[in-house]
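Here is the structure we will look at, set down as structure tokens.
Quick note: residue numbers are just sequence positions, from 1. None of the values given here were measured: they were computed from a predicted structure.
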Amino acid sequence: MKIAAGIMGGLLALLVVFVGVVYASTEVPSPDSVSTKQTTVLYYGDGVTEMARLGDENRTNVPLAEISEPAQRAILAAENRSFYSDPGISFTGIVRAAWNNLTGGSTQGGSTITQQYVKNAFLTQEQTFSRKFQELFLAIKLDNNFSKEQILENYLNTIYYGRGAYGIEAAANTYFGIPAAELTAEQGAVLAVLVRSPSSYDPETNPEGAQDRWGLVLDAMVEEGWLTDAERAAAVYPPVLPKTGSALGMPEGPEGHIVTRVISELAARGYDEQQINAGGLRITTTISKPAQDAAVASVDAVMAGEPDNLRQALVAIDPRTGAVVAYHGGRDGTGTDYAQAKRQPGSSVKPYVLATALEQGIGIQARRDGSDDQTFPDRPGQPVVNSGGANCPACTLTEAITRSLNTTFYGLAYEVGPENVRDTILAATGLPDTWGGSDFFAGKRTLAAGSGATGSSIGIGEYEMRPIDQAQGFATLAAGGTRRDAYFVARVTDSEGTVLLENTGVAGEQVLAADVVNDVTVATKGVASYSRRALEGGREVASKTGTQGLNRTDNSDAWMVGYTPSISTAVWIGSDERQPIRTAGGQIVYGSGLPGAIWQRFMNAVLAGTPEEDLPDKALIKGDSGEGVPEPTTEAPAPVTTQAPVTTTAPAPPTSSSPPRPVDTDGDGVPDDQDFAPNDPAVSTRPSESPGAGGGGGGRPSPPSETNAPGEPGPVLPPPGG
């Protein structure tokens, strides 16, 4: 017992000495250094070029005497009622943090105002026990070296209150248009609610939640004797100024949307708004400055002079890591982010339908009926049509995806099962089973109609996706079926350079079979050339256009998505509502038109000077386990969709006195000099510019297939079986 007591006494003495040494050596930084340290800086992927600064504006420090007493008490009631009597730390909070750290739980909560000030002003944002231990000593020493009034003053001038307001003086002006000295108890309680989560309890975006917590703050003031029962009963929630739309520190151009995505990603990792906006972080993003410049330049060049109602988005992802290398959600960086907009993708989903068929043993040389104007068992009386009346009764799936035949892919989705197609898309894109957020789609099943059912119209792109989803899904195809979730944050340090987060991408998950993805790539290698959007130098690229029909004469959305092994890029063009999209010349916008031009220009720019990368040439999955159609005989040409008659008997040989016989290369009965597509027996006249109608369930029209953009010379169609 004596030995044990001696050991315990010795250990206790050592602990006391250790604590004393640590306490004596702990240096309390000057409060004057706080403002500079709080500025959060975002960099491009090189870690040097600045993209944005947060927390360096709209801050006015004021002495405590210029902050109304009711406002001070409201903050204390919400955050630390025992502030003036406690030693600057919460022992229960420290113990809880230690326990949670050991058990893997959260380390937040239970801090005093002194601890919050220390964490936000002087320490890193790590949620670890070591940081909490450091916070403990700093808080104690700060409480011993400074008066409570000094600590509270510095705290109130440090806190981020949302809407770009740092410190209570800026917050009072932002929310009420008055100085902090004039704040009432009711107004102070509004600001007190914002301390923990400014965006979650902004009175404009969440009035119910804000007012509920506001009432709790006033109740706490009554309990502390800082407000009488009569004053509480007479309290009315004060009017709050509307948001001005300004976002201090947020870039006004497309990069503003990148900053928003970075903030969202950090919040998902546990960083709070105070840490992000005023924590002095140094954030290196995944965005390549040259690639981002190319994205902005491509959009600006193609869209110059086009109608003001057109909106656009571009997302580019590195399939090898999941890093987003370029992101353009619209020109207004503080407005709507169209890269996150849920819009119907049209024919750009057809590679997923093909992948589902391949998984079931249906090869890309299998033939299906691509005849125009077909009806299907799951949509009686609502025929599916092809753009311009395109017709191919026995096309291979390679031909059908190149020509983007709606009837083929609606029928193929019906054959392989719409739910199976949905599973393929979810696997490739990482989309959840139901939409999150707070918009019209919140809580609704993804890739489904309003009833929650997924129909065969999934095969022609009826159900909403976002541009970032398509970039992600095609990146999975580019990576051989391995999905790596897209991310924007590569590295985070504090203002002293301590690394808080390092992200180089993950190994990913094999969600699609490699042979399936190989064959999808083989089948889609010809789409860019067919759509007159081939890359410079003959660089190989797999791609797919997409157009969503609005009615028989207009489109509402147009897409171009494609990939090489090193980059996957999705481009979308539409409008704020489902409205007709036309060019400045009045032409209908197809996927191969404006979106294709942006995509082509960007891909050429970002890939210039990089090594050429090969894509597979040979299909691995042979045969047809499904419901194929026979290959057409070589003696009889395929039916045509033009009024020109098919020549069934050979013309008489020319004589010396007769004119030369017209050349008819494809044998469709139309001379080459009059044939719109002299190498394709199925096409002789320019396809109509009217999109197809009669789409999938829900009353939406089906999107047109992709032909040439209006006003462009027609592409040469691939030969049968090619």
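Without hydrogens or angle criteria, Asp469 side chain to Met465 main chain gives no donor-acceptor distance under 3.5 Å. Using a distance-only test at 3.5 Å, with no hydrogens or angles considered, a donor-acceptor pair links the side chain of Thr407 to the main chain of Ser371. Under the 3.5 Å distance criterion, the side-chain polar atoms of Arg483 are matched with a main-chain donor or acceptor of Ala427. With hydrogens and angles disregarded, no donor-acceptor distance shorter than 3.5 Å links the side chain of Ser556 to the backbone of Gln579. Formation of a donor-acceptor pair under 3.5 Å by the His257 side chain with backbone atoms of Gln340 is not found in this model. When atom types are taken as modelled, the side chain of Arg533 and the backbone of Tyr530 share no donor-acceptor pair closer than 3.5 angstrom. With Asn386 contributing its side chain and Gly370 its backbone, the two residues share a donor-acceptor pair below 3.5 Å. For the pair Glu306 (side chain) and Thr583 (backbone), a donor-acceptor distance under 3.5 Å is absent. One N or O on the side chain of Gln360 and one on the backbone of Val416 form a donor-acceptor pair closer than 3.5 Å. In terms of modelled atom types and a separation under 3.5 Å, the side chain of Gln548 and the main chain of Pro345 share no donor-acceptor contact.
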If you apply the rule side chain to side chain donor-acceptor pair (under 3.5 Å), what do you find for Ser298 with Arg601, and how did you get there?
CA-CA 6 Å; Ser298 298; Arg601 182 182 288 261; 5.2 Å; no

Working note: Glu419 + Arg445, criterion salt bridge (Lys or Arg N to Asp or Glu O under 4.0 Å); need CA distance, chi angles, decisive distance, verdict.
CA-CA 12 Å; Glu419 285 291 342; Arg445 192 168 186 254; 2.9 Å; yes

Go through Gln510 and Thr482 one step at a time and tell me if the side chain to side chain donor-acceptor pair (under 3.5 Å) criterion holds.
CA-CA 4 Å; Gln510 189 77 31; Thr482 299; 2.8 Å; yes

Determine, stepwise, if the pair Glu612 / Thr564 fulfils side-chain contact (heavy atoms from CB on, under 4.5 Å).
CA-CA 9 Å; Glu612 291 194 10; Thr564 67; over 6 Å; no

Apply side-chain contact (heavy atoms from CB on, under 4.5 Å) to residues Ser543 and Tyr563 and explain how you reach the verdict.
CA-CA 6 Å; Ser543 62; Tyr563 59 89; over 6 Å; no

Apply side-chain contact (heavy atoms from CB on, under 4.5 Å) to the pair Asp369 and Gln374, showing each step before the final yes or no.
CA-CA 9 Å; Asp369 185 359; Gln374 292 189 49; 3.6 Å; yes

Stepwise side chain to side chain donor-acceptor pair (under 3.5 Å) test for Gln472 and Arg484:
CA-CA 8 Å; Gln472 172 86 72; Arg484 299 177 176 90; over 6 Å; no

Determine, stepwise, if the pair Ile567 / Val325 fulfils side-chain contact (heavy atoms from CB on, under 4.5 Å).
CA-CA 9 Å; Ile567 191 165; Val325 297; 4.1 Å; yes

Evaluate Lys544 against Ser347 for side chain to side chain donor-acceptor pair (under 3.5 Å), listing each step before the verdict.
CA-CA 7 Å; Lys544 188 68 194 78; Ser347 297; 4.8 Å; no

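Under the 4.5 Å side-chain criterion, counting only non-hydrogen atoms from C-beta, Trp599 is not in contact with Leu314. Contact annotation: the side chain of Thr524 approaches that of Ile401 to within less than 4.5 Å [non-hydrogen atoms, C-beta and beyond]. You'll find the side chain of Phe474 stays beyond 4.5 Å of the side chain of Ile317, heavy atoms only. The shortest distance between side-chain heavy atoms of Pro595 and Val589 falls below 4.5 Å. Looking at Thr286 and Tyr487, their side chains come closer than 4.5 Å, going by heavy atoms from C-beta outward. In this structure, Val384 and Arg379 have side chains that are in contact, with non-hydrogen atoms separated by less than 4.5 Å. Two residues are said to be in side-chain contact when any heavy atoms from C-beta on lie closer than 4.5 Å; Val421 and Ile425 meet this criterion. A 4.5 Å side-chain heavy-atom check between Ile364 and Leu354 finds at least one atom pair inside the cut-off.
One finds a salt bridge joining Arg422 and Asp433 here, because a Lys/Arg side-chain nitrogen approaches an Asp/Glu carboxylate oxygen to under 4.0 Å. The pair Glu415-Arg368 counts as a salt bridge, with a side-chain nitrogen and a carboxylate oxygen less than 4.0 angstrom apart. The existence of a salt bridge linking Arg367 and Asp624 is excluded, since no basic side-chain nitrogen approaches an acidic carboxylate oxygen closer than 4.0 Å. Between Asp439 and Lys342 there is a salt bridge, since a side-chain N of the basic residue sits under 4.0 Å from a carboxylate O of the acidic one.
We find the OG1-CG distance between Thr336 and Asp332 to be 8.0 Å, quoted to the nearest 0.5 Å. Separating the CH2 atom in Trp572 from the CG atom in Leu594 is a distance of 12.5 Å, to the nearest 0.5 Å. Separation of atoms CD (Gln365) and CD1 (Ile621) is listed at 12.5 Å; rounding is to 0.5 Å. Between the CD1 atom of Ile598 and the CD atom of Gln312 there is a distance of 6.0 Å, given to the nearest 0.5 Å. The CZ atom of Arg578 sits 6.5 Å away from atom CG of Asp557, with the distance rounded to the nearest 0.5 Å. Atom CD of residue Glu509 and atom CG of residue Asp485 lie 9.0 Å apart, to the nearest 0.5 angstrom.
One side chain, Asp378 or Tyr410, offers a donor N or O that lies under 3.5 Å from an acceptor on the other. With no hydrogens or angles considered, no side-chain donor-acceptor pair links Asn555 and Thr547 at under 3.5 Å. A donor-acceptor pair shorter than 3.5 Å can be found between the side chains of Ser348 and Gln470. If you check the side chains of Ser404 and Lys350, you find a donor sitting under 3.5 Å from an acceptor. Ser592 and Thr545 share no side-chain donor-acceptor pair at under 3.5 Å.
Just one residue in the list Val520, Thr429, Leu426, Ile458 forms a side chain to side chain contact (heavy atoms under 4.5 Å, CB included) with Tyr352, and that residue is Thr429. A side chain to side chain contact (heavy atoms under 4.5 Å, CB included) with Leu397 is found for exactly one of Asp519, Leu405, Thr408, namely Thr408.
Note: Tyr414 and Phe376 have tilted aromatic rings, judged against thresholds of 30 and 60 degrees for the angle between ring planes.
The two residues Leu512 and Ala428 have their closest heavy-atom pair at CD1-CB, 4.2 Å. The two residues Pro467 and Ala341 come nearest to each other via the heavy atoms CD-O, 3.4 Å. Between Arg331 and Val299 the shortest heavy-atom distance is NH2-O, 4.0 Å.
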